[in-house]
Participant: 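Below are the structure tokens for one structure; questions will follow.
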Amino acid sequence: MKKIYFVLIALAITFSGCKKYFDINTDPATPQNPESKTLTPPLFAQMERGVQFDARYLGGLIQYFGGAVNVGEQHGWLPISDAMGEIWRTNYYGLGANLNLIISGSEAKQEWNYVGMAQALKAWGWQITTDYHGDIILKQAYEPNRFVFDYDPQSDVYAEVVRLANESIKNFSRTDGAGTVAKLAGPDLVYQGDAAKWIKFNYGLLARNGNNLVNKSTYDPAKVIEYCDKSLASNADNFIVPNNGALSADANFFGPLRQNMGSYRQTRIIVGLLDGSYFTGTPGLVVDPRRDNMITASPDGVFRGTSPYSGDPGTVAAKNQIANLWGVYAGANPGAGFGKYIFKDKAGFPIMTSTEIQFIKAEAALRSNNPTLAYTAFLKGISESIDFVSSQGVAITPAAKTAYLTSASVPQSAAALTLRDVMLQKYLALYGYGFVETWSDLRKYNYITGDAKGNNPYVNVYFFPTSFYADNAGKPAQRYRPRYNSEYIWNVAALKKIGADKIDYHTVPMWFAQP
């Protein structure tokens with residue numbers, strides 16, 4: 001598979017007429033004081049890159065993708081490899097020091113919106129990295145002249161996310177200083193300097209953070225609902241990283257131009273959700289209006305999907321009758337500009353959507369015994385998901401949307417709404433982009449076992465392969481290992497302290513999933 005390489009823009013360095021040509025304290029090839037506006041645009045590409053690279057494996061684990069492509073579908077890992085380590089790289093390398101430079105430089109200039117943006121992206125990086133890896137390096141991460149880094153518990157990282165998000169909100173709320181909207185608008189490829197939307201994004205991070213703690217005594221559904229009410233309110237608030245799609249270098253990693261996903265196929269779970277099987281018990285009784293935009297029928301018109309790792313149906317010929325993510329067969333490349341849904345060359349990649357926020361709110365409301373509030377958020381989540389999917393392909397008519405919302409696949413009263421309805425609709429809505437968030441949901445409910453209070457929304461949904469990876473000892477994956485190149489080569493002593501040298505470390509449950 002091709003890899004994406006992003007090059008940070010170099011600043012031109014102007015020398016005065018009296019400056020000595022040779023200066024042992026200055027490297028003329030390296031900018032000494034890069035401006036925040038120059039550092040900002042590549043950050044968004046780094047966020048997309050980290051999630052999409054690792055989604056090749058995680059997508060199979062959570063059964064968004066199938067086709068027996070790699071060990072992800074077996075909940076496995078690849079020893080002596082950086083595979084599954086791209087989110088780690090994004091957090092510490094792609095974002096890390098660049099965000100620190102933006103914060104220090106912008107604080108000196110009193111550009112508080114730049115400071116707030118960097119803090120928001122830091123909070124996002126810590127949250128997704130700990131939700132993906134568990135214990136990570138936090139306190140010592142950017143200490144100079146250090147070559148060995150100790151790991152911090154996930155609880156500390158969760159607290160730091162809360163601190164950073166709240167600091168970001170404060171900075172975006174400031175009216176003093178020199179941080180104008182105009183200064184941030186150009187470099188900010190997502191929100192064009194709109195402080196109100198950045199504040200909503202921060203509240204979305206706080207909602208994710210708090211909603212993962214359902215197994216903890218400190219879980220506060222009322223606070224989660226408050227965060228949701230202050231977060232993304234519609235699809236206009238979605239955090240989506242744009243892609244030009246003109247060349248391989250600026251195209252969506254998931255699109256056909258980059259040729260990365262030709263062997264990845266739609267799964268039986270996705271097909272079953274879209275044909276109503278999991279909601280009505282009868283395949284085809286209610287066809288979701290999102291179906292034709294999101295997945296593809298076989299040449300005979302039947303919608304088929306693979307099962308975990310097995311690549312069902314069994315024969316290669318039969319397997320090749322299941323469409324890949326671009327909507328074609330047998331790994332064929334439809335060519336630049338084609339593909340479907342968010343697997344197109346020019347499709348933007350969602351980092352957070354209002355749909356996700358509504359389902360978080362619905363889950364929290366159900367857990368606080370407020371089914372009426374939960375039902376309102378649940379319906380809004382489905383509605384906004386349909387609208388988003390409609391914007392990515394053939395338009396879904398209002399009549400089709402209404403027909404689905406009033407069908408047997410959707411509970412028709414607050415009293416009939418269950419946690420299973422909420423979590424399966426959320427799983428479906430986040431298909432193709434909410435990889436780590438969906439995995440967090442699966443793990444906090446222990447896949448098909450249930451949470452600490454006995455809630456079990458995923459029962460009878462077939463997430464597991466016919467056999468787990470050999471190192472798993474029959475257990476599902478709970479985390480991915482730290483990045484091989486930086487940790488297992490240079491930081492082994494610290495890894496041993498947290499047990500990451502063990503072959504089954506990736507099956508150790510997360511802190512957030514434990515009572």
Participant: Who are the side-chain hydrogen bond (donor to acceptor under 3.5 Å, both in side chains) partners of Asn100, not counting sequence neighbours?
Facilitator: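 side-chain hydrogen bond (donor to acceptor under 3.5 Å, both in side chains) list for Asn100, sorted by chain: Lys122.
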Participant: So Ser354 and Phe388, do their side chains get closer than 4.5 Å, heavy atoms only?
Facilitator: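 No; the side chains remain at least 4.5 Å from each other.
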Participant: Go through the side-chain N and O atoms of Arg265 and Thr306 and say whether any donor and acceptor fall under 3.5 Å apart.
Facilitator: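 Short answer, no.
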Participant: Between Arg481 and His506, do the side chains contain a donor N or O and an acceptor N or O under 3.5 Å apart?
Facilitator: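 Yes - a donor-acceptor pair under 3.5 Å links their side chains.
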Participant: In the structure I gave you, are the side-chain heavy atoms of Leu442 and Tyr447 within less than 4.5 Å of one another anywhere?
Facilitator: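 When only atoms from C-beta onward are counted, Tyr447 and Leu442 do touch, with a gap below 4.5 Å.
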Participant: Is the ring pair Phe254/Phe343 parallel, tilted or perpendicular, if the boundaries are 30 and 60 degrees?
Facilitator: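 The arrangement is tilted - the two ring planes meet at 30° to 60°.
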Participant: Please evaluate residues Ile448 and Phe464 with respect to the criterion side-chain contact (heavy atoms from CB on, under 4.5 Å), reporting the C-alpha separation (whole Å), side-chain torsions for both, the decisive distance (0.1 Å), and the verdict.
Facilitator: CA-CA 10 Å; Ile448 57 174; Phe464 296 154; 4.2 Å; yes
Participant: Can Glu356 and Lys426 be counted as an ion pair, charged N to O under 4.0 angstrom?
Facilitator: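 No salt bridge links Glu356 with Lys426.
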Participant: Within the supplied structure, the quantity of interest is the number of heavy atoms (other residues, nucleotides, ligands) at a distance under 6.0 Å from Tyr219 OH; does it exceed 12?
Facilitator: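 Yes, enclosed.
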Participant: Quick one: list whatever passes ring pair (Phe, Tyr, Trp, His ring centres under 6.0 Å) with His133, sequence neighbours left out.
Facilitator: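 His133: ring pair (Phe, Tyr, Trp, His ring centres under 6.0 Å) contacts with Trp88.
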Participant: Any Lys/Arg nitrogen of Arg163 or Glu167 sitting under 4.0 Å from an Asp/Glu carboxylate oxygen of the other?
Facilitator: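 The answer is no: the pair does not qualify as a salt bridge.
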Participant: Would you say Glu487 and Ile137 make side-chain contact, with heavy atoms under 4.5 Å?
Facilitator: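 Answer yes - side chains close enough.
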Participant: Which value, rounded to the nearest 0.5 Å, describes the distance between Asn456 atom CG and Asn446 atom CG?
Facilitator: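 CG of Asn446 is found 9.0 Å from CG of Asn456.
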Participant: Side chain of Thr130, backbone of Gly134: donor and acceptor closer than 3.5 Å?
Facilitator: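 A pair under 3.5 Å: yes.
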Participant: Is there side-chain contact between Asp131 and Asn212, with at least one heavy-atom pair below 4.5 Å?
Facilitator: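 Side-chain contact under 4.5 Å: yes.
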Participant: How many angstroms lie between OH in Tyr341 and CD in Gln266, if you round to the nearest 0.5 Å?
Facilitator: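 Here the interatomic distance stands at 13.5 Å.
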Participant: Between Asn252 and Gln52, do the side chains contain a donor N or O and an acceptor N or O under 3.5 Å apart?
Facilitator: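 Side chains of Gln52 and Asn252: pair found under 3.5 Å.
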Participant: Is there side-chain contact between Arg290 and Ser385, with at least one heavy-atom pair below 4.5 Å?
Facilitator: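 Yes - at least one pair of side-chain heavy atoms lies under 4.5 Å apart.
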Participant: So does Arg367 pair up with Asp451, basic N to acidic O under 4.0 Å?
Facilitator: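 A salt bridge is present here (some side-chain N lies under 4.0 Å from a carboxylate O).
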Participant: Do the charged groups of Glu160 and Lys139 touch, with an N to O distance under 4.0 Å?
Facilitator: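 Judged by the 4.0 Å cut-off on N to carboxylate O distance, Glu160 and Lys139 do not form a salt bridge.
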Participant: Going by the ring pair (Phe, Tyr, Trp, His ring centres under 6.0 Å) test, name the single residue among Tyr64, Phe435, Tyr458 that passes it with Tyr427.
Facilitator: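 The residue from Tyr64, Phe435, Tyr458 that satisfies ring pair (Phe, Tyr, Trp, His ring centres under 6.0 Å) with Tyr427 turns out to be Tyr64.
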Participant: Parallel, tilted or perpendicular: which describes the rings of Trp126 and Tyr92, with under 30° parallel and over 60° perpendicular?
Facilitator: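 Perpendicular.
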Participant: Answer yes or no: is there an ion pair linking Glu363 with Lys444, defined by an N-O contact shorter than 4.0 Å?
Facilitator: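 Salt bridge present between Glu363 and Lys444.
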Participant: Would you mind listing every salt bridge (Lys or Arg N to Asp or Glu O under 4.0 Å) that reaches into residues 340-350, with sequence neighbours excluded?
Facilitator: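 Qualifying pairs: none.
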Participant: Any luck finding a side-chain donor-acceptor pair between Tyr227 and Arg208 under 3.5 Å?
Facilitator: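 Side-chain D/A pair, Tyr227 to Arg208: absent.
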Participant: Tell me whether Asn70 contacts the main-chain N or O of Gly72 through its side chain, where contact means a donor paired with an acceptor under 3.5 Å.
Facilitator: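 Checking the backbone N and O of Gly72 against the side chain of Asn70, a donor-acceptor pair under 3.5 Å is found.
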Participant: Donor-acceptor pair, Thr267 side chain versus Gln63 backbone, under 3.5 Å?
Facilitator: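 A pair under 3.5 Å: yes.
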Participant: Mind checking whether Leu121 and Trp198 have side chains closer than 4.5 Å, heavy atoms only?
Facilitator: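 Side chain of Leu121 against side chain of Trp198, heavy atoms only: contact under 4.5 Å found.
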Participant: For residues 472-504, which residue pairs pass the ring pair (Phe, Tyr, Trp, His ring centres under 6.0 Å) check, not counting sequence neighbours?
Facilitator: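 Output for this query lists Tyr132-Tyr480, Trp439-Tyr480.
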Participant: Would one find more than 12 heavy atoms of other residues, nucleotides or ligands at under 6.0 Å from atom OH of Tyr462?
Facilitator: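 Correct, the count exceeds 12.
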Participant: Using a 3.5 Å distance criterion without hydrogens, assess whether the side chain of Arg268 forms a donor-acceptor pair with backbone atoms of Arg304.
Facilitator: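 Judged by distance alone, no pair lies under 3.5 Å.
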Participant: What I want to check is whether the side chains of Gln514 and Asn215 have a donor and an acceptor closer together than 3.5 Å.
Facilitator: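 Distance-only check fails for Gln514 and Asn215.
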Participant: One pair to check against ring pair (Phe, Tyr, Trp, His ring centres under 6.0 Å): Phe468 and His75. What are the steps and the verdict?
Facilitator: CA-CA 6 Å; Phe468 285 111; His75 291 227; 5.2 Å; yes
Participant: Go through the side-chain N and O atoms of Asn202 and Ser168 and say whether any donor and acceptor fall under 3.5 Å apart.
Facilitator: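 Note: Asn202 and Ser168 side chains meet the donor-acceptor criterion.
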Participant: What do the steps show when you test Asp250 against Asn243 for side-chain contact (heavy atoms from CB on, under 4.5 Å), and what is the final call?
Facilitator: CA-CA 6 Å; Asp250 64 10; Asn243 290 298; over 6 Å; no
Participant: So, Tyr203 and Glu226: side-chain donor and acceptor under 3.5 Å apart, yes or no?
Facilitator: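 No - no donor-acceptor pair under 3.5 Å links their side chains.
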Participant: Answer yes or no: is there a side-chain heavy-atom contact under 4.5 Å between Asn491 and Val148?
Facilitator: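 Yes - at least one pair of side-chain heavy atoms lies under 4.5 Å apart.
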Participant: Between the side chain of Asp471 and the main-chain N/O of Asp504, is any donor-acceptor distance below 3.5 Å?
Facilitator: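 It does not hold such a pair.
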Participant: Specify whether Phe44 and Phe239 have parallel, tilted or perpendicular ring planes, treating 30° as the upper limit for parallel and 60° as the lower limit for perpendicular.
Facilitator: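 If you compare the ring of Phe44 with that of Phe239, the planes turn out tilted.
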Participant: For the side chain to side chain contact (heavy atoms under 4.5 Å, CB included) test, which of Ile382, Leu273, Leu430 pairs with Gln425?
Facilitator: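 Checked Ile382, Leu273, Leu430 against Gln425; only one passes side chain to side chain contact (heavy atoms under 4.5 Å, CB included): Ile382.
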Participant: Any donor-acceptor pair under 3.5 Å linking the side chain of Asp150 with the backbone of Ala494?
Facilitator: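 Checking the backbone N and O of Ala494 against the side chain of Asp150, no donor-acceptor pair under 3.5 Å is found.
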Participant: What do the steps show when you test Arg483 against Asp82 for salt bridge (Lys or Arg N to Asp or Glu O under 4.0 Å), and what is the final call?
Facilitator: CA-CA 6 Å; Arg483 187 169 180 254; Asp82 273 357; 3.2 Å; yes
Participant: More than 12 non-hydrogen atoms from neighbouring residues, nucleotides or ligands closer than 6.0 Å to CD1 on Ile489, yes or no?
Facilitator: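 Yes, because the 6.0 Å sphere around CD1 of Ile489 holds more than 12 heavy atoms from other groups.
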Participant: In chain order, what residues pass the ring pair (Phe, Tyr, Trp, His ring centres under 6.0 Å) check against Trp124, with sequence neighbours excluded?
Facilitator: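 Applying ring pair (Phe, Tyr, Trp, His ring centres under 6.0 Å) to Trp124 gives none.
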Participant: Below 4.5 Å, heavy atoms only, C-beta onward: do Ile351 and Ile240 meet side chain to side chain?
Facilitator: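 No, their side chains stay 4.5 Å or more apart.
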Participant: How about Asn460 and Tyr278: does a side-chain donor come under 3.5 Å of a side-chain acceptor?
Facilitator: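 Result is no, nothing qualifies.
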Participant: Does Val69 offer a backbone N or O that forms a donor-acceptor pair with the side chain of Glu73 under 3.5 Å?
Facilitator: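 Answer holds: yes.
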Participant: According to side-chain hydrogen bond (donor to acceptor under 3.5 Å, both in side chains), who are the partners of Asp220, at least two apart in sequence or on a separate chain?
Facilitator: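 Partners of Asp220 under the side-chain hydrogen bond (donor to acceptor under 3.5 Å, both in side chains) test: none.
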Participant: Drop me the distance from Gln74's CD to Tyr469's OH, to the nearest 0.5 angstrom.
Facilitator: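 Separation between the atoms: 8.5 Å.
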